[in-house]
Amino acid sequence: MSTSGTAAVGRVTSIWRHPVKSLRGERLTEGLIDADGLRGDRRWGIRDEATGRILTGRREPPLLFASAALDGDGQPVVALPDGTTCGGVGPATDAALSAWLSRPVSLVPAAGAPGGSAEFFADATDDTSTAIEWTMPPGRFVDAMPLLVLTEASLRAGQMLHPEGDWDVRRFRPNVLVALDAEGWVEDGWCGRALRVGSAVLAPQQPCVRCTMVTRPQPELDRDLDIYRTLARHHGGTFGAWTAVERPGTVRIGDLVEVGDRSTTSAERRT
């Protein structure tokens, strides 16, 4: 993307990496954006050995009470609610996770395997509704696209519509959060355009379709079904932008965010 035809719209205010699907992640000061997403993001998942599916917080809410980070070798370290830590893939980690979740599970990498399958509820506010299976794209345990971009403007818009709710960014699990002065669902207007962030060029594709995950409790955040209901009533159940990578690069806190002309990336939503 050339500098002509671009307009500065804001700055990066936080960067989030979630090494293990549906576990809480880590806040970074900088991140490397590869062609398929933020390096180390959603590269592992917890597989239910009885079904072969990857567990998510949609069907297994306790996952959000554990967290994951990468060690110096780029391997996942999982911290369980009782303080137990598990380093890397292997029998010891699998045993600890299985004891915690009271079922046989394994920590598995997404790399080198076909897309993992998982389930979500037909009604995001009713855990007794029909469970629907979907297949994630190969290489990462992401729902649809490599990255999720969110703006503080959207957080403010949600807060205005549901002021009793806690619109903490951790509910929505973006990779990049952008601070800007505009109001409303700003990132919707970025879809189909090139987004320069640090030395990377991103390509927002479509608004992110939300589910029961945004309602789930986690440390310091209570369960709140009205978070999803608010988005469903006022914004088509979407929040943030599913985003592809047009040019890899490095993103840092405080980096300028610029919106340019139409993106050259034509990525399909992969579900």
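What's counted below: heavy atoms across the whole structure, side chains too, no hydrogens, waters or symmetry copies. Because the structure is a prediction, the values reported are computed rather than measured.
- Taking OG from Ser22 and CD from Gln218, the interatomic distance works out to 10.5 Å, rounded to the nearest 0.5 Å.
- Within 6.0 Å of CD on Glu133 lie more than 12 heavy atoms contributed by other residues, nucleotides or ligands.
- No side-chain donor-acceptor contact under 3.5 Å links Arg196 to the backbone of Glu258.
- Taking every heavy atom of both residues into account, Cys191 and Ala241 meet most closely at SG-CB, 4.3 Å.
- Contact of the Trp44 side chain with the Gln75 side chain is registered, since non-hydrogen atoms from C-beta on lie closer than 4.5 Å.
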- Going through the distances and angles, do Asn175 and His18 end up as a side chain to side chain donor-acceptor pair (under 3.5 Å)? CA-CA 8 Å; Asn175 297 115; His18 303 86; 4.8 Å; no
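- Exactly one residue among Arg173, Arg42, Arg58 makes a salt bridge (charged side-chain N to carboxylate O under 4.0 Å, His left out) with Asp143. That residue is Arg58.
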- Item | side chain to side chain donor-acceptor pair (under 3.5 Å) evaluation trace for Glu187 with Ser154 | CA-CA 8 Å; Glu187 56 271 42; Ser154 285; 2.9 Å; yes
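- Listed here is the closest heavy atom pair of Asp127 and Arg223: OD2-NH2, 4.3 Å.
- A 4.5 Å side-chain heavy-atom check between Val245 and Leu147 finds at least one atom pair inside the cut-off.
- With hydrophobic clusters built from ILVMFWY side chains whose heavy atoms lie under 4.5 angstrom apart, Val20 does not share a cluster with Ile54.
- Cluster membership check: Leu23 does not share its hydrophobic cluster with Phe65, using side-chain heavy-atom separations under 4.5 Å among Ile, Leu, Val, Met, Phe, Trp and Tyr.
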- Hey, mind stepping through Thr250 and Glu30 against side chain to side chain donor-acceptor pair (under 3.5 Å) and telling me if it holds? CA-CA 7 Å; Thr250 301; Glu30 68 175 60; 5.5 Å; no
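- Exactly one residue among Leu177, Ile253, Leu256 makes a side chain to side chain contact (heavy atoms under 4.5 Å, CB included) with Val12. That residue is Ile253.
- A perpendicular orientation is assigned to the rings of Trp167 and His162, their planes being inclined by more than 60° (bins at 30° and 60°).
- Criterion: ILVMFWY side-chain heavy atoms under 4.5 Å apart, direct or through other members. Under it, Leu221 and Leu225 are not part of a common hydrophobic cluster.
- Put simply, the side chain of Thr243 does not reach to within 4.5 Å of the side chain of Trp190, judged on heavy atoms.
- Ion pairing of Lys21 with Glu60 is absent here, as no side-chain N (NZ or NE/NH1/NH2) approaches a carboxylate O to less than 4.0 Å.
- Under the 4.0 Å criterion applied to side-chain N and carboxylate O atoms, Arg11 and Asp255 are not assigned as salt-bridge partners.
- Atom CG of Asp181 has 12 or fewer heavy atoms from other residues, nucleotides or ligands within 6.0 Å.
- Minimum interatomic distance between Arg193 and Pro204 (heavy atoms only, all atoms of both residues): O-CD, 3.4 Å.
- Under a 3.5 Å cut-off, the side chain of Arg47 and the backbone N or O of Gly116 do not form any donor-acceptor pair.
- Taking the six-membered ring wherever Trp is involved, the centroid distance between the rings of Trp16 and Phe172 does not fall below 6.0 Å.
- Side-chain atoms of Asp94 come within 3.5 Å of backbone atoms of Leu107 as a donor-acceptor pair (strictly under, hydrogens ignored).
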